[in-house]
K.L.:
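Let me give you the structure first, and then I'll get to my questions.
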Amino acid sequence: MKETVCPNCGKPLTGDMVRSSNVPCQFRCGHCRERLYEYKVSAPIMLVSLAVIVLLIYLLLLLRNAAGSMIPAVQHVPMAVFALVCAYPVFIVSERMIAKYVIQNGNIIYRGKRKGS
């Protein structure tokens with residue numbers, strides 16, 4: 001497995017650095033705190049993420065209806081609470097997988113400060 005290093009300081013990058021960011025295509029180096037950008041795998045990750053979100057919503061509706069036929073009280077639980085309980089583990093696992101994929105396969109660049117700005 002190749003080790004991905006920061007293009008600015010040369011120290012190794014980790015998945016925790018990517019997970020600490022709100023957007024996986026831009027994050028800060030944990031060592032030098034410079035903003036790094038990833039442009040090779042970001043678009044496919046976003047497309048797959050959107051597809052997974054749609055699939056999860058569909059599966060949650062099916063699961064809620066199936067559970068509602070056995071336990072009628074489930075129909076009165078707000079969908080947001082139901083989604084949080086059921087989908088949060090999927091979110092955590094997918095977040096770790098995305099961070100690992102970005103670090104291993106991404107093309108990470110550093111845009112240095114331009115003179116005069």
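Bear in mind the structure is a predicted one, so any value in this text is a computation, not a measurement. Residue numbers count from 1 along this sequence.
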K.L.:
Starting from Ile103, can I reach Val5 by hopping between I/L/V/M/F/W/Y residues whose side chains sit under 4.5 Å apart?
P.N.:
no
K.L.:
Check Phe27 against Met17 and note the closest heavy-atom contact, atom names and distance.
P.N.:
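Scanning both residues, the minimum pair turns out to be CB-O, 3.7 Å.
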K.L.:
In the hydrophobic cluster built from side-chain contacts under 4.5 Å, what are the other members alongside Met97?
P.N.:
Val93
K.L.:
Can any side-chain N or O of His31 pair as donor or acceptor with the backbone N or O of Gly10 at less than 3.5 Å?
P.N.:
no
K.L.:
List in chain and number order the residues that pass salt bridge (Lys or Arg N to Asp or Glu O under 4.0 Å) with Arg19, two or more places apart in sequence or in another chain; answer none if no residue qualifies.
P.N.:
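Here the qualifying residues are Asp16.
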K.L.:
Using distance only, find each side-chain donor-acceptor pair of residues 60-73 under 3.5 Å and give its atom names and separation, not counting sequence neighbours.
P.N.:
| from | atom 1 | to | atom 2 | distance (Å) |
| --- | --- | --- | --- | --- |
| Arg64 | NH2 | Gln75 | O | 2.7 |
| Arg64 | NH2 | Val77 | O | 2.7 |
| Asn65 | ND2 | Leu61 | O | 3.3 |
| Ser69 | OG | Ala66 | O | 2.7 |

K.L.:
Quick one: does any side-chain atom of Thr4 pair with a main-chain N or O of Leu13 as donor and acceptor, under 3.5 Å?
P.N.:
no
K.L.:
Could you grab the distance from atom OG of Ser21 to atom CD of Glu38, nearest 0.5 Å is fine?
P.N.:
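With rounding to 0.5 Å, OG (Ser21) is 11.5 Å from CD (Glu38).
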K.L.:
If a pair satisfies salt bridge (charged side-chain N to carboxylate O under 4.0 Å, His left out) and one of its residues is in residues 52-61, list it, with sequence neighbours excluded.
P.N.:
none
K.L.:
Which pair of non-hydrogen atoms, one from Arg35 and one from Tyr110, has the smallest distance, and what is that distance?
P.N.:
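So the minimum-distance heavy-atom pair works out to O-CD1, 3.9 Å.
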K.L.:
Minimum heavy-atom separation for Tyr37 to Gln26, with atom names?
P.N.:
CE2-OE1, 3.2 Å
K.L.:
Distance check, rounded to the nearest 0.5 Å: Cys9 atom SG versus Leu36 atom CG?
P.N.:
8.0 Å
K.L.:
Not counting sequence neighbours, which residues clear side-chain contact (heavy atoms from CB on, under 4.5 Å) with Val48? List them please.
P.N.:
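Listed in chain order: Val52.
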K.L.:
Is the count of non-hydrogen atoms from other residues, nucleotides or ligands lying under 6.0 Å from Tyr101 atom OH greater than 12?
P.N.:
no
